[in-house]
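Notes for the one structure printed next.
Because the structure is a prediction, the values reported are computed rather than measured. A note on names: the letters A, B, ... follow the listed sequences, proteins ahead of strands, and every chain is numbered from 1. No hydrogens, no waters, no symmetry mates; every other heavy atom, side chains included, goes into these values.
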There are 4 protein chains.
Amino acid sequence: MTPAIAPDIAVVPRSHTAKRLSIIDAAACVFCREGFAGANIDLIAAEAGVSRQTVYNHHGDKENLLVAVVREITERINAGVFDTLATFPDKPVDLEADLVAFAVRLNQNCICNRDGKFLRKLLHTEGERYPALFAGWREDGPAKTWAALAARFARLAHAGWLEIDDPDVAARQFLALVNADLQMAMIFGDTVSEEQLRTAATNAVRCFLRAYGKPRPAAI
Amino acid sequence: MTPAIAPDIAVVPRSHTAKRLSIIDAAACVFCREGFAGANIDLIAAEAGVSRQTVYNHHGDKENLLVAVVREITERINAGVFDTLATFPDKPVDLEADLVAFAVRLNQNCICNRDGKFLRKLLHTEGERYPALFAGWREDGPAKTWAALAARFARLAHAGWLEIDDPDVAARQFLALVNADLQMAMIFGDTVSEEQLRTAATNAVRCFLRAYGKPRPAAI
Amino acid sequence: MTPAIAPDIAVVPRSHTAKRLSIIDAAACVFCREGFAGANIDLIAAEAGVSRQTVYNHHGDKENLLVAVVREITERINAGVFDTLATFPDKPVDLEADLVAFAVRLNQNCICNRDGKFLRKLLHTEGERYPALFAGWREDGPAKTWAALAARFARLAHAGWLEIDDPDVAARQFLALVNADLQMAMIFGDTVSEEQLRTAATNAVRCFLRAYGKPRPAAI
Amino acid sequence: MTPAIAPDIAVVPRSHTAKRLSIIDAAACVFCREGFAGANIDLIAAEAGVSRQTVYNHHGDKENLLVAVVREITERINAGVFDTLATFPDKPVDLEADLVAFAVRLNQNCICNRDGKFLRKLLHTEGERYPALFAGWREDGPAKTWAALAARFARLAHAGWLEIDDPDVAARQFLALVNADLQMAMIFGDTVSEEQLRTAATNAVRCFLRAYGKPRPAAI
DNA sequence: AATGAATGAGCATTCATTCAT
DNA sequence: CATGAATGAATGCTCATTCAT
């Protein structure tokens, strides 16, 4: 009955973790759609494919479940943002093209994807009521990613690609520009095409470079 | 029962309209704080200083009340935006200073005030679920205000103050930049100081002008 | 619309108070039958002939309802005990007969009646879990009634009818004897006949007088 | 699976019976604390140090478990009472001292101990609802112990130590007096000191002997 | 228009009980 | 025998909505 192959050792925990994850995903989905108060635990359970009891066994409480969801999502988002930040064009060939590609990745992987949408909605619906819920995210998320992005801009400035007074401000502005054309779509849940992503990124980067770009640095 | 004397005509309707307004204000407040599902009609009634029945007499239904709230708020917001747009510096003296003042007004009167916050929250919490609710706003709001702002930019460009390819894009970018520094504060309901408003506007306008400004047009 | 006759003035409050009382009575009944945990608020409401909401409007909470029940019952019991104490034979003609009559009244009006049964059951089922609930009762009930009864015995002793060392002990013993024959019946909710009451009282008083009675005091 | 060697025979059954007992003890404890309806099988299992399944394996049902608890406790109580009855002073030297010692033992071993408390609570909480549960106890318990005690008193009376009309009544009264001073403490679960026990017993016996004692019989 | 009650639905949560591993 | 999940029924409580006064 118990085969000798290793993977099975992981079977029970896997199903456990898998259930945990599917619960959190379903909960995120329902919380976003209906808000915390409007979310129905039975619906979450059904959407996760588990019984109501399992939800309670795993998370004990609706509020607890929200906490777990926020934690999970913010962790994923943070990880995604840092991954994407790592693709920032430190030694660009064609700065505009590189920044556009970067902006597209940012939108695709962090802002316009499922998790990004969840986080944004949760922030707006519950951010003011449970600030503590998002305190961790603020510290590990924006506080650090904005600084990291600012550092990249500062390096580009130092290398002669950009002309920037305050890299922090520039970083926030870059992100604001990158989102400028997509906000409405995301609020109403419209699906965003690749082309829209690219256009938005291009618009943003062009504006950004008109503001802060320098006539390409002297090549050595 | 309805006497013919004038005073009464004023008294009853006034209190009627006043109640209507206070109900809508209270409802807006509670809907934003608690979300539609979490909002309690008794609480709204209490916060409006009227009885539950009066709420039903006026609006008939929770959903109806939401509709009324959205209508009222979007109307106010739209009016405010157009009022503020009217203060756009068409014939600027000091373009940067004029744009900064404009941006401050925009934030102060349309985006960071009570109604702006309400609309933003409602958009995020209910926008995806009841897109129809906001269809009117989209048409009368962003669609027109963005165009109007784009037209102003186009005129400035034509007058030699700006160098713009696509005024629509520039308008969206201007708005995005104006909000860049304040989003987090607004999500968490922090109070925003005058100075923060001014700094945010200054940052935004500087970036915008670095991107699209021209060495002041030749004065005649 | 408002008739001049007095009774009507009391109509609304009456129904309110009447409902309050019927809720408490029903709750007492159900709490005793099923215990606090087993009591079903819907059942209480039904038994009281009101809607569930009315129960919540009046008492807010299951626990609160229990508190109200205990308060009401202990008040009634205390009042009944003091009323009965007032019938204690201070200047007896036939001491035995007088004490028997007193004991019968005590059992009938305070111990074997509905309220007495309720209080006893609540004491046993919830006394250890919510001692605070009954703190008031202990102070205003036993503490005072025992003392009052002891005082009566002391006076009888002083008048030469009894020979008592410690009136407090005697009072407790009198009560214990009065109940000796009825405990089992009350635990199982058997109905107690008048005759049983009288026999129990007679047995108790005979024992008590054999222990503490004096060969009738010298008549003047 | 079940080896033929003796030790195992002892081990498995022992643990089995031990578990059975610890389940019943835990159940008794929880039933008394929370009442039947409020008792949680998981809690009982945890308190017994076994798994929920084991509880079901042993007793099959919550109601069944209650039956087992009542059976066990009443058996223990009955056994205890008869053991104590066996220590009744049949040929007393100092009747008062002997009866006091007997009363102390009675309280200590049968009434104020864990089982006594459990039985009393169960009687009050479930006695009226499930009279059948306690039918066995009534027959094997009070019916017999009261008779046995009455017989002892009758013998003492015959031997000239007591003067009693109805030994049954005297037996009930003795028990009532013995408990008079401790009821309140037991209802609220207060711990009862040795001294309190002795005082209560002394008070009771003094009263009893004043009522029924005779100037010590002439020694032969 | 306000107040209090009622109705009926909904929902979070608990729990007894069973099943598979 | 333990663990964890599942099922299904309760149950406390809230709430939208209506009605009567």
Side-chain angles (χ1 to χ4, degrees), chain A residues 1-2 8 11-13 15-16 19 23 34 36-45 49-65, chain B residues 12 15-16 19 36-46 49-65, chain C residues 1-2 8 11-13 15-16 19 23 34 36-45 49-65, chain D residues 12 15-16 19 36-46 49-65:
Chain A
M1 258 198 186
T2 317
D8 246 336
V11 161
V12 174
S15 98
H16 193 264
K19 279 183 181 170
I23 291 171
E34 326 275 346
F36 179 71
N40 179 327
I41 295 235
D42 277 30
L43 184 58
I44 292 175
V50 302
S51 87
R52 188 190 326 121
Q53 268 307 329
T54 307
V55 176
Y56 281 100
N57 287 342
H58 275 273
H59 301 284
D61 205 346
K62 197 183 182 186
E63 207 161 317
N64 243 300
L65 181 54
Chain B
V12 174
S15 97
H16 192 265
K19 282 187 178 175
F36 179 70
N40 178 327
I41 295 230
D42 277 31
L43 183 57
I44 292 175
V50 303
S51 90
R52 189 192 324 122
Q53 271 304 335
T54 309
V55 176
Y56 280 99
N57 289 342
H58 275 274
H59 301 283
D61 204 345
K62 198 184 181 184
E63 208 161 316
N64 243 301
L65 180 54
Chain C
M1 261 200 187
T2 316
D8 245 335
V11 161
V12 174
S15 99
H16 193 263
K19 280 185 181 170
I23 291 171
E34 326 276 345
F36 180 71
N40 178 326
I41 295 236
D42 278 30
L43 184 58
I44 292 174
V50 302
S51 87
R52 188 192 325 121
Q53 267 308 328
T54 307
V55 176
Y56 281 101
N57 287 342
H58 275 274
H59 301 285
D61 206 345
K62 197 185 182 185
E63 208 161 315
N64 243 301
L65 180 55
Chain D
V12 175
S15 97
H16 191 265
K19 282 188 178 173
F36 180 70
N40 179 326
I41 294 230
D42 278 32
L43 182 58
I44 292 175
V50 304
S51 90
R52 191 192 323 123
Q53 271 303 336
T54 309
V55 177
Y56 279 99
N57 290 342
H58 275 273
H59 302 283
D61 204 345
K62 197 185 182 184
E63 209 161 316
N64 244 300
L65 180 55

For DNA chain E, produce a single dot-bracket line, 5' to 3'. Pairs: Watson-Crick or G-U wobble, both distances under 3.5 Å. Symbols: ( ) within strand, [ ] crossing, | other strand, . unpaired.
.||||||||||||||||||||
Verify the contact: side-chain N or O of C/His16 to OP1 or OP2 of E/dA5, cut-off strictly under 4.0 Å; return yes or no.
yes
B/Tyr56 meets the ring-ring contact (aromatic ring centres under 6.0 Å, His included) criterion, sequence neighbours left out, with none
Given side chains that start at C-beta, do those of B/Ile41 and B/Lys62 come closer than 4.5 Å, heavy atoms only?
yes
Tell me, please, which residues at least two apart from B/Asn57 pass side-chain contact (heavy atoms from CB on, under 4.5 Å).
B/Gln53
Scan B/His58 against the nucleic acid and name what it touches under 4.0 Å (heavy atoms): base, sugar-phosphate only, or nothing.
nothing
Looking only at heavy atoms, which two atoms of C/Ile23 and C/Val50 are closest? And how far apart?
CG1-CG2, 3.9 Å
Determine, for nucleotides 12-17 of chain F in 5'-to-3' order, which nucleotides have protein heavy atoms under 4.0 Å from the base (write B), from only the sugar-phosphate (write S), or from neither (write -).
SBBBSB
Taking atom NZ of A/Lys19 and atom OG of A/Ser51, what is their separation to the nearest 0.5 Å?
8.0 Å
Whether A/Asn57 contacts F/dA5 is assessed here as follows: a side-chain N or O lying under 4.0 Å from the phosphate OP1 or OP2. Is that the case?
yes
For C/His58, the ring-ring contact (aromatic ring centres under 6.0 Å, His included) test, sequence neighbours excluded, returns C/His16
Measure across D/Ala37 and C/Gly38 and return the closest heavy-atom pair with its distance rounded to 0.1 Å.
CB-CA, 3.3 Å
D/Ser51 or A/Val55: which one's nearest nucleotide on DNA chain F is closer to the 5' end?
D/Ser51
Roughly, in whole Å, what's the span from NE2 in D/His59 to P in E/dA16?
15 Å
Partner residues of A/Asn64 under the side-chain contact (heavy atoms from CB on, under 4.5 Å) criterion, sequence neighbours left out:
A/Asp61
